[in-house]
Amino acid sequence: MELFSYPATVEEIVPGDFLVRFVEVPEAITGGDTVEEALANAPDALACAIEGYLERDWTVPAPRPAKDHEYPISLDPETAARVVLRRAMKELGISNVTLARRMKRDEKAVRRILSGRHASFSMTLDALKAVGLHPALSV
């Protein structure tokens, strides 16, 4: 099972101003007044950047394990599920229309799922099942 945890670096730019960056996702940048605050902001910055990849239909960079000087930042499950769905659709050559037919839904529902707008997490999980994946969440 693929884990969606991306390594982040934290750099103190000036005293009391910390910057978080992701090597694999350079569009994800955030900061804070402390290391803790900067790291607390990191998941949102990562999700926003990955959302941009999905909107533009760009390939989402693969995560890798964090090194000693890096912090692992997890992508939220809903965004990660949409990344997996987009990858599976491309690998299998499944169009939005084909997926909608498999789900017995309108193609607009698939567009909502892929965009993350006005689609529930359960709809995304249904779409994953429709492409032959059976997601399981673990803690």
Side-chain angles (χ1 to χ4, degrees):
M1 181 173 111
E2 184 175 7
L3 299 177
F4 283 89
S5 182
Y6 290 82
T9 59
V10 179
E11 178 184 358
E12 189 171 21
I13 303 302
V14 296
D17 190 11
F18 295 86
L19 184 68
V20 177
R21 292 185 180 150
F22 295 82
V23 173
E24 282 71 27
V25 187
E27 297 81 3
I29 301 171
T30 192
D33 295 337
T34 64
V35 171
E36 294 78 17
E37 182 182 339
L39 289 172
N41 293 333
D44 286 340
L46 178 61
C48 285
I50 297 295
E51 291 288 342
Y53 281 73
L54 291 171
E55 283 179 20
R56 291 166 183 84
D57 199 23
W58 293 352
T59 300
V60 175
R64 64 166 172 81
K67 297 178 183 172
D68 288 338
H69 63 283
E70 297 174 322
Y71 299 86
I73 305 297
S74 295
L75 186 60
D76 68 272
E78 291 187 40
T79 305
R82 290 196 351 268
V83 170
V84 171
L85 177 61
R86 181 69 60 100
R87 284 182 184 167
M89 289 175 68
K90 283 187 179 196
E91 287 173 13
L92 298 170
I94 296 173
S95 68
N96 289 7
V97 172
T98 301
L99 179 57
R101 194 174 311 120
R102 287 183 180 190
M103 294 177 67
K104 297 180 173 79
R105 291 189 172 262
D106 187 271
E107 189 268 340
K108 287 182 263 184
V110 172
R111 281 188 276 146
R112 286 195 310 270
I113 292 167
L114 292 173
S115 74
R117 294 186 185 98
H118 311 293
S120 68
F121 189 39
S122 65
M123 282 178 65
T124 305
L125 295 177
D126 288 344
L128 286 167
K129 290 174 189 171
V131 297
L133 299 174
H134 300 283
L137 298 177
S138 62
V139 288

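As a basis for the values below, the full set of heavy atoms in this structure was taken, side chains included, without hydrogen atoms, waters or symmetry mates.
- Not one N or O on the side chain of Arg102 forms a donor-acceptor pair closer than 3.5 Å with the backbone of Thr98.
- The ring-ring contact (aromatic ring centres under 6.0 Å, His included) contacts involving residues 63-90 comprise nothing, where partners must be two or more places apart or lie in separate chains.
- Hydrophobic clustering (ILVMFWY, side-chain heavy atoms < 4.5 Å, transitive): Val83 and Leu92 are in one cluster.
- The salt bridge (Lys or Arg N to Asp or Glu O under 4.0 Å) check on Arg105 picks up nothing, with sequence neighbours excluded.
- Screening residues 33-67 for ring-ring contact (aromatic ring centres under 6.0 Å, His included), with sequence neighbours left out, gives Tyr53-Trp58.
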Begin with the C-alpha distance, continue with both residues' side-chain angles, and end with the deciding distance and a verdict on side chain to side chain contact (heavy atoms under 4.5 Å, CB included) for Ile50 and Phe4. CA-CA 11 Å; Ile50 297 295; Phe4 283 89; over 6 Å; no
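- Each of Leu99, Leu125, Ile94 was evaluated against Leu85; a single residue qualifies, Leu99, per the side chain to side chain contact (heavy atoms under 4.5 Å, CB included) test.
- Residues Arg86 and Val60 form no side-chain contact, since every pair of their non-hydrogen atoms from C-beta on lies 4.5 Å or further apart.
- With sequence neighbours excluded, no residue forms a salt bridge (Lys or Arg N to Asp or Glu O under 4.0 Å) with Glu78.
- Cluster annotation: Val10 and Ile13 are assigned to distinct hydrophobic clusters (Ile/Leu/Val/Met/Phe/Trp/Tyr, side-chain heavy-atom contacts under 4.5 Å, transitive).
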Under 3.5 Å, sequence neighbours excluded: what are the donor-acceptor pairs made by side chains of residues 37-49?
unit_1	atom_1	unit_2	atom_2	d
Glu37	OE1	Asp33	N	3.3
Asn41	ND2	Gly31	O	2.7
Asn41	ND2	Glu37	O	3.3

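- Within the 4.5 Å cutoff, the side chain of Leu114 has heavy atoms near those of the Met89 side chain.
- Counting heavy atoms from C-beta outward, His134 and Leu128 have side chains that stay 4.5 Å or more apart.
- Residues passing the salt bridge (Lys or Arg N to Asp or Glu O under 4.0 Å) test with Lys90, sequence neighbours excluded: Asp57.
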If you look only at distance, which donor and acceptor atoms sit under 3.5 Å apart when one is on a side chain in residues 18-25 and the other is two or more places apart or in another chain?
unit_1	atom_1	unit_2	atom_2	d
Glu24	OE2	Arg64	NE	2.6

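- Under the 4.5 Å side-chain criterion, counting only non-hydrogen atoms from C-beta, Pro63 is not in contact with Ser5.
- Taking a 4.5 Å side-chain heavy-atom cut-off between Ile, Leu, Val, Met, Phe, Trp and Tyr, the cluster of Val97 contains only that residue.
- Screening residues 6-20 for side chain to side chain donor-acceptor pair (under 3.5 Å) gives no qualifying pairs among residues at least two apart or on separate chains.
- For Thr79, the side chain to side chain donor-acceptor pair (under 3.5 Å) test picks out Glu51, Asp76, with sequence neighbours left out.
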Show me the donor-acceptor pairs, under 3.5 Å and distance only, between side chains in residues 115-124 and residues at least two apart or in other chains.
unit_1	atom_1	unit_2	atom_2	d
Ser115	OG	Arg111	O	3.2
Ser115	OG	Arg112	O	3.1
Ser115	OG	Arg117	N	3.1
Arg117	NH2	Glu55	OE2	2.8
Ser120	OG	Ser122	OG	2.9
Ser120	OG	Met123	N	3.2

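- With sequence neighbours left out, the side chain to side chain donor-acceptor pair (under 3.5 Å) criterion links Lys108 to no other residue.
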